[in-house]
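As the structure is a computational prediction, the values presented were derived from the model and not from experiment.
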Amino acid sequence: MVESKLSRVKVNNEIVLCEVYDSATKERIKKVFFREGISFYIRFKKKSAITGIATVNLAKTNVEDRKDNPPEQKEGRYIICVNKSQEILAKNSIMRVVPDYRDRVNFFDGTGKKEGGRSPFWSLIAQIE
């Protein structure tokens, strides 16, 4: 049997596109991805009860006034990953089918940070305050 030269090549073209906090929005995104032929997978992170972390609000700002706080997490979060070559198509598809996507979907740039410029860790810490 002849072995293909490509059989030893590891391909990892998936990127984190966004995260969603409710299953209805996740299902809507799944349907549009199936319809558009977009390659994707979804990771689920359970809502964790973080205890023992103390934060200090040095700037004396009101946490509720911040726009980048994620919505209340009921069941956890769904992290949607797509193929890098289909990133723009996937993002446009989500924007088209989710009417209030700014409130329901947090998009990431290519480096794993939210498009607002802060990493997911700092948004999680801001939520705890």
- Between L17 and I94, does a side-chain contact (heavy atoms from CB on, under 4.5 Å) hold up when you go through it step by step? CA-CA 10 Å; L17 179 69; I94 291 173; 3.7 Å; yes

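Using cut-offs of 30° and 60° on the angle between ring planes, the pair Y78 and F44 is tilted.
Taken from CZ in F107 to CZ in R102, the straight-line distance is 9.5 Å, to the nearest 0.5 Å. One distance of note links CG of N13 with CD of E87; it measures 12.0 Å at 0.5 Å rounding. Atom CD of residue E19 and atom CD1 of residue I80 lie 9.5 Å apart, to the nearest 0.5 angstrom. Note: I42 CD1 to R77 CZ = 14.0 Å, rounded to the nearest 0.5 Å.
Hydrophobic clustering places F34 together with M95 (ILVMFWY residues linked when any side-chain heavy atoms are closer than 4.5 Å, directly or through intermediates).
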Donor-acceptor pairs are to be reported for all side-chain atoms of residues 22-33 against protein atoms at under 3.5 Å, with residues two or more places apart or in another chain.
| from | atom 1 | to | atom 2 | distance (Å) |
| --- | --- | --- | --- | --- |
| D22 | OD1 | T25 | OG1 | 2.9 |
| D22 | OD2 | T25 | N | 3.4 |
| D22 | OD2 | T25 | OG1 | 2.9 |
| D22 | OD2 | R104 | NH1 | 3.2 |
| T25 | OG1 | R104 | NH1 | 3.3 |
| R28 | NH1 | V97 | O | 3.3 |

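Checked against side chain to side chain contact (heavy atoms under 4.5 Å, CB included), R43 has the following partners two or more places apart in sequence or in another chain: V16, Y41, I79, C81. Every residue two or more places apart in sequence or in another chain that forms a side chain to side chain contact (heavy atoms under 4.5 Å, CB included) with L89 is listed here: E36, I38, S93.
Looking at N106 and Y21, their side chains come closer than 4.5 Å, going by heavy atoms from C-beta outward.
Within 6.0 Å of CZ on R96 lie more than 12 heavy atoms contributed by other residues, nucleotides or ligands.
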